[in-house]
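Below: one structure, written as structure tokens.
Owing to the predicted nature of the structure, the values given are computational and were not obtained by experimental measurement.
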Amino acid sequence: ALLVASPWFGLPTWIFALYPWLPMYHHWHFFHLTRQLIFTKTQVEVAFRSFLREFDLYFSAYALHATPATLMVYVPILLVNTLGNVADKVR
């Protein structure tokens with residue numbers, strides 16, 4: 001209940017904070033959905049999947065580079081900030 005009550009450390013903040021990694025998730029999800037597509041020519045399937053594999057959808061602006069490696073650094077920082085805010089509110 002405390003996470004929802006805080007406008008800066010609640011669910012909207014988590015959504016906004018992880019928003020730069022959303023294109024990466026959708027790219028990964030769409031790439032795996034292409035396995036369910038039925039192509040009449042196998043050459044088109046190979047070309048389409050190789051195009052998607054080489055098409056990087058990483059968000060990069062100033063100091064924020066939304067890559068899988070930076071997500072593993074960014075989530076613990078966001079988690080520590082959220083838990084610190086909750087601990088401060090409980091105290």
Side-chain angles (χ1 to χ4, degrees):
L2 291 174
L3 288 176
V4 178
S6 174
W8 296 108
F9 290 92
L11 185 61
T13 301
W14 273 80
I15 292 170
F16 183 74
L18 296 175
Y19 195 71
W21 284 271
L22 195 62
M24 187 176 59
Y25 166 75
H26 285 296
H27 178 264
W28 173 80
H29 186 65
F30 184 67
F31 181 76
H32 289 290
L33 281 177
T34 58
R35 294 181 182 164
Q36 298 175 1
L37 291 175
I38 299 172
F39 292 93
T40 56
K41 296 182 180 180
T42 56
Q43 297 89 359
V44 174
E45 179 182 5
V46 170
F48 185 67
R49 289 183 62 86
S50 66
F51 169 75
L52 287 178
R53 191 176 299 114
E54 295 172 4
F55 191 72
D56 291 334
L57 283 177
Y58 295 133
F59 179 83
S60 181
Y62 299 108
L64 178 63
H65 303 286
T67 62
T70 58
L71 181 62
M72 295 301 132
V73 173
Y74 190 67
V75 168
I77 293 170
L78 188 60
L79 187 62
V80 166
N81 284 336
T82 303
L83 292 176
N85 183 46
V86 171
D88 188 44
K89 298 290 183 195
V90 170
R91 188 174 57 135

- prompt: Do the side chain of H27 and the main chain of L22 share a donor and acceptor less than 3.5 angstrom apart?
  reply: no
Which donor-acceptor pairs under 3.5 Å do the side chains of residues 37-44 make with protein atoms, sequence neighbours left out?
none

statement: Hits for side chain to side chain donor-acceptor pair (under 3.5 Å) against H29, two or more places apart or cross-chain, chain-then-number order -> none
field: For T34 against R49, the heavy-atom pair lying closest together
entry: OG1-NH1, 2.5 Å
message: Can you tell me how the ring of H32 sits relative to the ring of W28, calling it parallel under 30°, perpendicular over 60° and tilted otherwise?
response: perpendicular
- prompt: Got a sec: does the OH of Y19 have more than 12 other heavy atoms crowding it under 6.0 Å?
  reply: no
- request: Mind checking side chain to side chain contact (heavy atoms under 4.5 Å, CB included) for A17 and listing every partner two or more places apart, or none if nothing turns up?
  value: Y74, L78
- line: For V75, the side chain to side chain contact (heavy atoms under 4.5 Å, CB included) test, sequence neighbours excluded, returns L18, L71
- prompt: Going through the checks in order, is the side chain to side chain contact (heavy atoms under 4.5 Å, CB included) test met by T67 and T70?
  reply: CA-CA 5 Å; T67 62; T70 58; 3.3 Å; yes
task: Indicate the atoms forming the closest heavy-atom contact of P20 with A66, along with that distance.
output: O-CB, 3.5 Å
message: The criterion is ring pair (Phe, Tyr, Trp, His ring centres under 6.0 Å); which residues satisfy it with F51, sequence neighbours excluded?
response: F55
message: Applying side chain to side chain contact (heavy atoms under 4.5 Å, CB included), can you list everything that pairs with P68, at least two apart in sequence or on another chain?
response: M24, Y58
